Visitor: 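I'd like to ask some things about the structure below.
Keep in mind that what you see is a predicted model, and the values were worked out from it rather than measured. Just so it is clear: chains get the letters A, B, ... in the order the sequence lines come, proteins before strands, and each one is counted from 1.
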2 protein chains.
Amino acid sequence: MAVETSQQEKILDAAYHCIAKQGYAHVTLRQIAKEAGVAVSQISYHYQNKEGLLLAVVTRAANKYQEYLQDYLKPDMTPKEKGDTLIRLYQQLLEEDVELFRVLYDLVGLSLWSEPFRLEVKEVFEGITEQITTEVFTDELMGELGYVYSSKTLASVFFGGLFGIAIQALLEQENEDIIKSLSALVVIFNK
Amino acid sequence: MAVETSQQEKILDAAYHCIAKQGYAHVTLRQIAKEAGVAVSQISYHYQNKEGLLLAVVTRAANKYQEYLQDYLKPDMTPKEKGDTLIRLYQQLLEEDVELFRVLYDLVGLSLWSEPFRLEVKEVFEGITEQITTEVFTDELMGELGYVYSSKTLASVFFGGLFGIAIQALLEQENEDIIKSLSALVVIFNK
DNA sequence: CTTTCAATCGGACGACCGTTCGAATCTGTG
DNA sequence: CACAGATTCGAACGGTCGTCCGATTGAAAG
């Protein structure tokens with residue numbers, strides 16, 4: 001009982017997985033079309049051109065990230081619990097869905113050289129830090145910790161730590177130690 | 001009084017700057033050759049092929065990074081001073097030599113898809129965290145802080161924070177706030 | 001001066017890229 | 001059924017890529 005999936009969706013799926021396998025730089029439209037089981041010209045038809053398709057992949061990756069967040073972060077959690085949960089989410093993703101990280105890193109890299117992508121990715125990142133700012137580093141927690149830094153600053157540091165450590169994990173074959181070291185990020189809200 | 005520069009060196013310089021401008025994915029050997037003022041075939045002659053040239057660029061970027069470290073980190077500094085200095089170094093690089101960051105990020109991205117590059121970049125990263133481990137999170141400082149985490153773990157977190165925040169700064173046009181937020185990383189060794 | 005070998009060059013080759021286009025097919029409406 | 005518009009396809013196009021090769025130059029050794 002195959003779910004009816006539009007050809008447009010199949011192409012997007014295929015593009016996502018091809019990028020996860022080879023990176024945007026080495027992916028060709030022919031590979032994507034082959035993986036999706038459609039003609040190459042269908043990509044142009046549905047997404048204008050290669051850039052249009054890749055931009056759609058950015059949105060898809062961002063959505064997937066958001067879905068994970070909604071699954072993990074529950075409204076009734078305390079700020080510290082949310083911080084802990086974010087750390088655990090990254091640890092789990094690094095073990096079970098490393099594809100997502102590779103795609104994210106790759107698309108951030110693409111955004112360094114292409115303005116349309118930069119704007120899109122920048123917005124995604126700002127959304128993430130915004131969420132961390134308001135949900136983790138709340139006024140209440142900030143008062144408790146007594147930092148001289150703003151909640152926005154701490155959110156950037158926290159997210160930067162998550163991302164930076166994740167990159168180190170991506171580079172290692174045996175990355176269990178590095179994945180565990182993500183836990184040490186709690187030092188930020190356990191002053 | 002032009003310094004005598006070998007053609008091999010000129011090619012490497014050109015490759016570095018071309019990557020800083022466009023990323024490895026969009027750089028062609030013809031552009032590099034033109035920028036270096038040599039024939040395209042010279043690249044194959046001196047570096048076998050494109051991969052060989054890019055691997056040499058990795059080494060070059062790593063060396064440049066090491067030079068910065070040697071300029072900034074003095075042996076008579078205390079561990080905390082070295083940590084502070086690292087933060088200041090990153091802040092200064094983000095303002096004055098953003099090229100280096102772009103090249104580093106790009107080559108790390110390349111290493112996600114190519115095993116030879118992964119091994120090379122992995123070694124560079126391990127060297128960095130190793131240095132932070134032994135020079136910043138010394139036994140003395142670790143005793144003073146009383147963390148439950150190992151010095152290696154804290155070094156990974158610290159470096160991850162530096163790198164992750166730097167990436168956020170790369171994505172922003174107006175990145176002064178994010179560059180400043182690097183300073184907040186001192187919370188790790190100001191328990 | 002001749003020989004030798006490394007360095008350098010320009011051109012050419014085959015492969016592959018993203019895109020385009022006309023024809024064929026499907027789908028739903030009158 | 002007939003027709004129109006949206007989909008889908010395969011083939012082809014122009015362009016660019018990395019690589020390779022023969023010829024030329026330069027410098028050092030005999």
Visitor: Out of dA7(C), dT19(C), dA6(D), which nucleotide sits closest to the side chain of Y45(A)?
Guide: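 So the side chain of Y45(A) is nearest to dA6(D).
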Visitor: Nearest whole angstrom, please: distance from the P of dG10(D) to the CD1 of I43(A).
Guide: 13 Å
Visitor: Would you kindly compare V40(B) and H46(A) by the position of their nearest DNA chain D nucleotide and give the one closer to the 5′ end?
Guide: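 Nearest nucleotide further toward 5': that of H46(A).
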Visitor: Rounded to whole angstrom units, what separation is found between the CD1 atom of I32(A) and the C1' atom of dT19(C)?
Guide: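 To the nearest whole Å, that distance equals 14 Å.
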Visitor: Side chain of Q42(A) only, heavy atoms from C-beta on: which candidate in dT19(D), dC9(D), dG18(C) is closest?
Guide: dC9(D)
Visitor: Just checking V38(B): base, sugar-phosphate only, or nothing, at a heavy-atom cut-off of under 4.0 Å?
Guide: sugar-phosphate
Visitor: Hey, is the side chain of S41(B) pairing donor to acceptor with the base of dG10(C) inside 3.5 Å?
Guide: yes
Visitor: Ignoring hydrogens and geometry beyond distance, is a side-chain donor-acceptor pair present between Y68(A) and Q92(A) at under 3.5 Å?
Guide: no
Visitor: When the distance from NE2 of H26(B) to P of dG18(D) is rounded to whole Å, what number comes out?
Guide: 12 Å
Visitor: Can we say E126(A) and K152(A) salt-bridge, meaning some charged N sits less than 4.0 Å from an Asp/Glu carboxylate O?
Guide: no
Visitor: Of the candidate nucleotides dC9(C), dG18(D), dA6(D), which contains the atom at the shortest distance from the side chain of A39(B)?
Guide: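 Taking heavy atoms from C-beta onward, the closest nucleotide is dC9(C).
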Visitor: If I take atom CD in residue E51(A) and atom C1' in nucleotide dC17(C), what distance separates them, rounded to the nearest angstrom?
Guide: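 After rounding, the gap between these two atoms is 16 Å.
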Visitor: Between dG18(D), dC21(D), dA12(D), spot the one nearest the side chain of R30(A), thanks.
Guide: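 Of the candidates, dA12(D) comes closest.
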Visitor: When you measure from the side chain of Q7(B), which nucleotide among dT8(C), dG10(D), dG18(D) comes out closest?
Guide: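 Nearest to the side chain of Q7(B) among the choices is dT8(C).
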Visitor: Just call it for S44(A): base, sugar-phosphate, or nothing, with non-hydrogen atoms closer than 4.0 Å on any strand.
Guide: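 Base contact.
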Visitor: In whole angstrom, give the distance that lies between atom CG of N49(B) and atom P of dC17(D).
Guide: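 Between P of dC17(D) and CG of N49(B): 17 Å.
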Visitor: Looking at dC21(C), dT19(C), dC17(D), which one has an atom nearest to any side-chain atom of T28(B)?
Guide: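 When the side chain of T28(B) is considered, dC17(D) is the closest of dC21(C), dT19(C), dC17(D).
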Visitor: When you check the gap from the basic side-chain N to the acidic O, do E67(A) and K64(A) get nearer than 4.0 Å?
Guide: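 Not counted as a salt bridge, because no side-chain N and carboxylate O are separated by less than 4.0 Å.
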Visitor: Mind checking whether I179(B) and Y72(B) sit in one hydrophobic cluster, side chains of I, L, V, M, F, W, Y counted as touching below 4.5 Å?
Guide: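 Both belong to a single hydrophobic cluster.
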Visitor: Quick one: do the E140(A) and T78(A) side chains pair a donor with an acceptor below 3.5 Å?
Guide: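 Side-chain D/A pair, E140(A) to T78(A): absent.
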Visitor: Rounded to whole Å, how long is the line connecting atom CG of L53(A) with atom P of dG18(C)?
Guide: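 Atom-to-atom, L53(A) to dG18(C), this comes out as 10 Å.
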Visitor: Please state how far atom OH in Y24(A) lies from atom P in dG18(C), giving the value in whole angstrom units.
Guide: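 Nearest whole value for this atom pair: 13 Å.
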Visitor: Counting heavy atoms from C-beta on, name the nucleotide in dG10(D), dT19(C), dC9(C) closest to the side chain of L29(A).
Guide: dT19(C)
